[in-house]
Amino acid sequence: MEAPEVLTHLIAILALAEAAGMMAVMGQGGGAIPTTLDGPFEPVTRRLDPSLRMGSDDLPMDDPRLKKNVTSSFPEQISLALSSDPSSMWVSWITGDAQIGKNVTPLDPSSVASEVQYGTESGKYTSKQDGMSAVYSQLYPFEGLLNYTSGIIHHVRLEGLKSATTYYFKCGDSSVPAMSDEYSFKTMPSPSPNAYPTRIAVIGDLGLTSNSSTTIDHVIKNDPALVLMVGDLTYANQYLTTGGQGASCFSCLFANAPIRETYQPRWDGWGRFMEPLTSRVPMMVIEGNHEIEPQVDGITFQSYLTRFAVPSEESRSNSSFYYSFNAGGIHFIMLGAYVDYKTTGTQYSWLMDDLHRVNRSLTPWVVAAWHPPWYNSYNSHYQEFECMRQEMEALLYQYKVDIVFNGHVHAYERMNRVYNYTLDPCGPLYITVGDGGNIEKVDVDFADDPGKCPKPEDNKPEFGGLCPLNFSNGPAEGKFCWSNQPEWSAYRESSFGHGILEIVNSTYALWTWHRNQDAYKEDKPGDQIFIVRRPELCSPTVKESSDPPQGGQESEHTSPSSTIILSFKMMWVMSLLVASVGIAVR
């Protein structure tokens with residue numbers, strides 16, 4: 001090949017590279033994906049599609065996805081949860097039959113072993129780990145109400161695992177023998193600015209309805225490596241203890257109930273419903289208000305505390321209500337809104353210590369999650385947890401937490417970066433995803449709609465006090481509510497769905513919100529944005545790495561588009577140049 005021909009060939013290669021790069025930054029809908037560097041954005045509202053229903057009925061207990069399909073001694077409701085680092089994984093399951101009735105007798109947890117056999121090859125289990133087991137009861141000292149006692153709940157912590165490695169396992173009791181079928185999981189990458197889980201699903205306020213089913217089917221289709229469940233899991237407390245049909249408004253339908261009852265078999269149904277996902281993908285949970293479930297003697301949260309294994313001890317919190325863990329280059333912090341969050345309390349002290357210990361050179365991303373949002377422009381739960389914000393927000397801002405996920409409000413809302421109700425490029429990006437599909441239906445009213453601004457006492461939290469705030473400046477100065485969509489609310493929509501977080505490198509992450517109704521169409525995103533960290537502008541009190549992340553450390557004015565274009569160009573150029581050299585040589 002002559003020199004002019006080689007030059008022409010190389011120009012064609014560069015053109016192809018440019019086209020590939022452009023394809024890399026186009027959204028699934030065909031438009032360019034915005035970045036947080038383009039913000040703050042003008043507020044956008046998308047109201048409920050009138051062709052859609054606001055909610056759906058709960059799945060009945062005889063639905064095939066909720067029915068028990070193993071004999072009592074065999075494991076069911078199998079689920080995974082991360083420990084604080086990739087060398088450990090929690091495996092949980094239930095054996096035995098739960099009981100519900102006036103008189104119930106708890107099973108003996110010591111009557112069956114808690115055993116996991118595992119290895120890195122299918123069918124070859126070179127390691128064995130034993131664990132612990134427990135049962136819990138939900139008791140109501142009122143005439144006509146039923147009591148419940150669970151099956152035997154097993155938790156086994158596997159240790160000494162290799163990072164980013166697939167393991168195969170069976171769980172149960174080999175002495176019976178009653179072992180499960182084989183399942184597998186992949187451990188998280190080790191903490192590193194260059195290694196991340198492929199996709200992280202974020203779900204809130206899921207419940208157990210037809211809409212919930214669509215959400216989980218959609219999540220499974222998106223193939224996450226990790227699931228964050230930001231509270232309000234089963235909505236078992238929307239039922240009387242006698243079961244039957246759940247209620248979208250418990251106090252409305254059951255006004256004479258002596259206590260907020262909870263039909264615990266819904267928890268068992270939910271565990272079976274989730275097993276196709278949670279038996280292979282770790283799910284990290286945090287409590288919501290529907291997990292409180294008060295019973296005799298003021299006991300609360302029994303089902304949440306007993307059913308789920310979380311890395312509380314490993315993360316030094318020693319409380320299942322708040323804890324932290326690493327997944328590759330991400331440090332996750334799960335906070336409890338229904339236990340003491342004051343600056344004088346244990347949780348705050350733990351949070352301060354946990355944030356201080358984060359090594360941003362290994363885990364550059366810090367993501368926090370709890371149930372009720374601090375920033376929320378919907379009428380529902382408006383300023384409900386303002387007290388918690390006033391206690392904790394400054395600490396999260398001081399340590400430059402990158403993203404915050406919440407639920408509670410049954411809709412979707414993404415904020416502009418904000419701190420103390422003021423637009424701030426160094427504030428976290430708050431995202432509400434309480435739109436999992438529960439029986440209480442989607443929220444459609446906004447606090448800035450005419451006549452929809454609630455009174456401060458209308459949204460009283462189930463824990464903590466009221467701290468109503470009138471805004472001190474801006475368009476809402478002196479008012480409790482804005483008269484239009486607040487400037488810190490970038491996008492809000494009344495639809496069910498879930499989110500997917502994909503970390504690209506130490507600077508860029510892609511956030512995609514998937515609406516349920518799109519699962520049956522083109523499946524284009526309902527909302528999508530690149531989240532850009534700016535460590536050179538927003539330095540936490542801990543030291544940032546001086547080493548550039550994978551793909552290079554861009555300046556504050558560089559968008560993720562240019563990074564991905566560059567990487568795609570280089571891949572195309574390198575591969576096609578090799579071909580060109582071969583052609584020229586021949």
Side-chain angles (χ1 to χ4, degrees), residues 43-60 63 202-219 229-239 244-255 260 263 266 270 273 288-290 371-373 376-382 384 406-414 431-454 458-459 481 485 489 491-499 513-521 523-527:
V44 173
T45 294
R46 186 170 182 175
R47 295 187 181 271
L48 178 68
D49 184 338
S51 67
L52 301 174
R53 294 185 300 165
M54 291 180 62
S56 61
D57 291 336
D58 268 329
L59 298 175
D63 185 287
V202 187
I203 310 168
D205 301 69
L206 181 62
L208 203 50
T209 69
S210 298
N211 281 322
S212 312
S213 180
T214 301
T215 298
I216 293 303
D217 289 347
H218 206 175
V219 169
M229 191 71 68
V230 294
D232 283 3
L233 310 180
T234 69
Y235 286 77
N237 70 338
Q238 296 300 107
Y239 282 72
Q245 183 64 42
S248 60
C249 174
F250 187 95
S251 61
C252 303
L253 191 59
F254 309 128
R260 178 66 178 265
Y263 187 59
R266 296 297 289 182
W270 194 83
F273 172 79
N289 55 298
H290 285 270
H371 184 59
N376 163 39
S377 65
Y378 286 80
N379 167 284
S380 178
H381 305 302
Y382 182 77
E384 185 177 301
N406 304 116
H408 202 42
V409 177
H410 301 158
Y412 175 75
E413 187 167 20
R414 170 174 53 84
I431 299 174
T432 298
V433 285
D435 56 343
N438 67 82
I439 195 173
E440 288 185 333
K441 302 181 181 179
V442 69
D443 285 321
V444 297
D445 293 329
F446 304 108
D448 50 89
D449 283 339
K452 296 297 183 179
C453 178
D458 289 345
N459 288 319
C481 298
Q485 186 173 356
S489 172
Y491 182 83
R492 60 189 185 184
E493 180 174 345
S494 298
S495 290
F496 290 123
H498 74 281
W513 175 57
H514 295 272
R515 301 182 305 180
N516 280 4
Q517 61 263 37
D518 295 328
Y520 305 105
K521 300 177 182 178
D523 202 13
K524 62 182 181 180
D527 184 38

- Message: Between Glu413 and Ser489, is there a side-chain donor-acceptor contact under 3.5 Å, judged purely by atom types and distance?
- Response: yes
- Please work out which of the three classes, parallel, tilted or perpendicular, describes the rings of His408 and His371, given edges at 30° and 60°.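 Taking His408 first and then His371, their aromatic rings stand perpendicular (interplane angle over 60°).
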- Task: Would you please classify the geometry between the Tyr235 ring and the His290 ring as parallel, tilted or perpendicular, with 30° and 60° separating the classes?
- Result: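 Aromatic pair His290/Tyr235 classed tilted.
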Please give me the minimum heavy-atom distance between [X] and [Y], naming the atom from each residue.
X: Asp527; Y: Tyr412; value: OD2-OH, 2.5 Å
X: Phe250; Y: Asn237; value: CD1-O, 3.4 Å
X: Asn459; Y: Glu384; value: O-CG, 3.3 Å
X: Tyr382; Y: Asn376; value: CD1-O, 3.3 Å
X: Thr45; Y: Gln485; value: OG1-OE1, 2.6 Å
X: Cys249; Y: Gln238; value: N-NE2, 4.2 Å

Within the 4.5 Å heavy-atom criterion, are [X] and [Y] side-chain neighbours or not?
X: Tyr378; Y: Thr432; value: no
X: Ser212; Y: Phe496; value: no
X: Ile203; Y: Val219; value: yes
X: His381; Y: Pro372; value: no
X: Trp513; Y: Arg414; value: no
X: Leu233; Y: Leu206; value: no

- Are the side chain of Thr209 and the backbone of Gly437 linked by a donor-acceptor contact shorter than 3.5 Å? yes
- Measure from the side-chain N and O atoms of Asp57 to the backbone N and O of Ser210, and report whether any donor-acceptor pair falls under 3.5 Å. no
Hey, could you give me the [atom1]/[atom2] distance between [X] and [Y], rounded to the nearest 0.5 Å?
X: Met54; Y: Asp49; atom1: CE; atom2: CG; value: 13.0 Å
X: Ser380; Y: Glu440; atom1: OG; atom2: CD; value: 8.5 Å
X: Ile439; Y: Gln245; atom1: CD1; atom2: CD; value: 5.5 Å

- Message: If the condition is salt bridge (Lys or Arg N to Asp or Glu O under 4.0 Å), which residues does Asp443 pass it with, not counting sequence neighbours?
- Response: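 With neighbours one apart ignored, the set is empty.
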- Message: Using the side chain to side chain contact (heavy atoms under 4.5 Å, CB included) definition, which of the options His218, Arg46, His498 pairs with Arg515?
- Response: Arg46
- Can you spot which of Thr215, Asn211, Thr214 makes a side-chain hydrogen bond (donor to acceptor under 3.5 Å, both in side chains) with Asn516?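 Considering Thr215, Asn211, Thr214, a side-chain hydrogen bond (donor to acceptor under 3.5 Å, both in side chains) with Asn516 is found only for Thr215.
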Pairs of donor and acceptor atoms involving the side chains of residues 446-453, under 3.5 Å and at least two apart or interchain, shall be tabulated with distances.
| residue | atom | partner | partner atom | Å |
| --- | --- | --- | --- | --- |
| Asp448 | OD1 | Arg492 | NH2 | 2.9 |
| Asp448 | OD2 | Arg492 | NH1 | 2.9 |
| Asp448 | OD2 | Arg492 | NH2 | 3.4 |
| Asp449 | OD1 | Arg47 | NH2 | 2.7 |
| Asp449 | OD2 | Arg47 | NH1 | 3.3 |
| Asp449 | OD2 | Phe446 | N | 3.1 |

